[in-house]
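Ligands are counted one by one from 1 in listed order, and the atoms in each one are counted from 1 as well. Note that these values count all heavy atoms, side chains included, but never hydrogens, waters or copies made by symmetry. The structure displayed is predicted, hence computed values, not measured ones.
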Amino acid sequence: MSETVNTFEAQQEGRPTGPLVRGYEVIIGFETHAQLSTASKIFSRASTAFGAEPNTQACAVDLALPGTLPVMNKGAVERAIKLGLALGSHIAPRSVFARKNYFYPDLPKGYQISQFEIPVVQGGSVSFFLGEEKKTVRLVRAHLEEDAGKSLHEDFIGQSGIDLNRAGTPLLEIVTEPDMRSTAEAVAYARELHKIVTWIGICDGNMQEGSFRCDANVSVRRPGEKLGTRREIKNLNSFKFMQQAIDYEIRWQIEEIEDGRKIEQATVLFNPDTGETRAMRAKEDSADYRYFPDPDLPPLVIAADWIERVRSEMPELPRAMAERYVSDYGLSEYDAAQLTQSPSLARYFDDAVKAGATPKLASNWITGEMARRLNAQEIGIEAAPVSAQQLAQLVQRVADGTLPNNAARQVFDALWTGDGSDVDAIIEAKDLKPMNDTGALDKILDEVIAKNQKNVDEYRAGKEKALNGLVGQVMKASGGKANPAQVTELLKAKLA
Ligand code: ADP
Ligand code: MG
């Protein structure tokens with residue numbers, strides 16, 4: 001991946017690798033909390049299901065009652081292994097849980113169990129396309145930890161309630177290097193990571209319910225300067241807010257610097273109603289948390305054969321799938337990335353090819369006409385009214401020359417709107433068959449030649465382009481049903 005090397009070289013030399021904003025380079029690093037899809041909590045047997053009555057899913061361990069002890073959930077570890085395998089990371093054979101100490105009402109133990117010095121997943125990277133450009137963001141680590149409870153302020157006048165249902169929910173915190181250079185790149189990274197965690201089934205990806213939430217660390221600098229001071233925007237739970245929040249933060253920081261003020265490191269919150277970010281607290285240093293290894297939990301040991309078993313059960317990953325599409329079908333890397341946006345989209349493409357579609361044509365239809373309509377109606381491929389088999393039939397009729405593009409679009413439209421279900425029947429019913437009847441075509445040719453003497457003379461005088469006008473006239477007169485290549489040949493023969 002030469003792009004990557006160049007990017008990092010440029011970074012080291014202090015050259016900007018992204019678009020400048022008012023002369024400033026933007027630097028972004030992400031910390032993402034992915035809630036793991038286990039049925040029970042990370043250190044207790046209470047349920048992780050969302051939406052239950054407050055405090056009905058908090059057991060003695062989650063309430064931190066005296067004498068209780070945490071017991072590691074194997075399913076959470078297995079999901080961390082899956083992520084590590086998917087992102088090409090090192091999976092630590094021995095990692096350590098630590099206590100992160102702080103006081104907050106939704107944290108009854110007075111500390112959060114997390115991993116600090118030795119996380120379970122180390123290194124790796126996430127690659128994706130930003131427009132047509134391939135980007136790679138390096139990961140620092142991903143560590144296992146428990147979520148805290150929730151303070152409820154809305155339903156209580158003058159007081160707050162505490163709901164500990166979420167306390168002890170398993171999280172994987174995925175931390176990147178500060179490798180992103182624009183809001184667009186940051187959002188594309190988050191989308192790609194979201195795609196991967198849902199693809200491998202370790203997280204349900206539900207952003208409204210908080211199953212996938214991102215903290216964006218943002219700083220700006222003049223090209224060539226050392227890294228600027230960052231502010232961390234917490235808990236972004238939609239891609240739209242993410243974009244608005246980072247854009248706002250970049251502009252805010254540049255304004256501050258331009259006004260001669262210094263950026264103070266801080267944790268900020270985005271307010272979707274005002275579109276602004278606002279400091280919530282000065283950022284703590286890790287020293288403030290007094291991390292130390294949790295004496296209640298032994299080190300997490302992962303044997304090599306466990307990793308191998310998980311590896312053998314992994315689904316084909318989007319990246320591998322995209323590479324297969326490039327090498328087996330000759331698709332561009334970009335198209336292959338488009339087709340592997342979700343398992344269902346890739347399955348649809350595979351099914352169409354299996355049903356006899358030329359891969360390149362199927363890809364064009366799926367990423368073009370199909371994607372446009374799905375977006376317009378805000379539905380996923382699962383809900384597409386045109387099946388993979390129908391698309392294959394259509395594509396075959398394009399490939400064998402039966403359907404010119406224009407007619408193919410009409411057939412697609414009929415399939416989409418339910419105005420027919422069999423491609424050949426639609427071609428028949430709508431009279432879309434190309435004009436193979438040379439008698440009828442011959443008549444049109446003669447008429448067009450008679451009516452366009454000027455073009456005919458020009459062509460005969462050696463102006464090749466004049467022929468295009470004639471071909472266009474014939475196509476029009478045939479209602480788009482003639483084959484342009486055939487028309488060109490016939491015209492040339494007639495005018496020779
Ligand atoms: P902490 O553990 O205190 O949160 P880290 O050094 O682990 O700090 O960094 C947290 C996140 O901030 C990482 O995603 C990292 O890439 C990002 N980051 C670090 N420095 C900067 C910076 N100057 N600008 C933007 N992001 C940064
Ligand atoms: Mg942090």
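- Contact check for H194 versus R191: no side-chain heavy atoms found under the 4.5 Å cut-off.
- Here the shortest heavy-atom distance to atom 10 (C) of ligand 1, taken over R141, E232, K226, R230, belongs to R230.
- Per-residue contacts place F30 under 4.0 angstrom from the following atoms of ligand 1 (heavy atoms of the residue considered): 14 (O).
- With 3.5 Å as the limit, one finds no donor-acceptor pair spanning the side chains of E232 and T267.
- Using a 4.0 Å cut-off between a side-chain N of Lys or Arg and a carboxylate O of Asp or Glu, R222 and E225 do not qualify as a salt bridge.
- Under 4.0 angstrom from ligand 1, the non-hydrogen atoms of V175 all belong to its side chain.
- If you check the side chains of E78 and W306, you find a donor sitting under 3.5 Å from an acceptor.
- A side chain to side chain contact (heavy atoms under 4.5 Å, CB included) with N101 is found for exactly one of Y291, Y289, F292, namely F292.
- Taking every non-hydrogen atom of G228 and a distance limit under 4.0 Å, the qualifying atoms of ligand 1 come out as 23 (N).
- Of all the atoms in ligand 1, the ones that sit under 4.0 Å from a non-hydrogen atom of L227 are 23 (N).
- The ligand atoms of ligand 1 that sit less than 4.0 angstrom from a heavy atom of P178 are 16 (O), 26 (N), 27 (C).
- Here the side chain of S327 pairs a donor or acceptor atom with the backbone of E323 at under 3.5 angstrom.
- Below 4.0 Å from some heavy atom of E177 lie the following atoms of ligand 1, by number and element: 16 (O).
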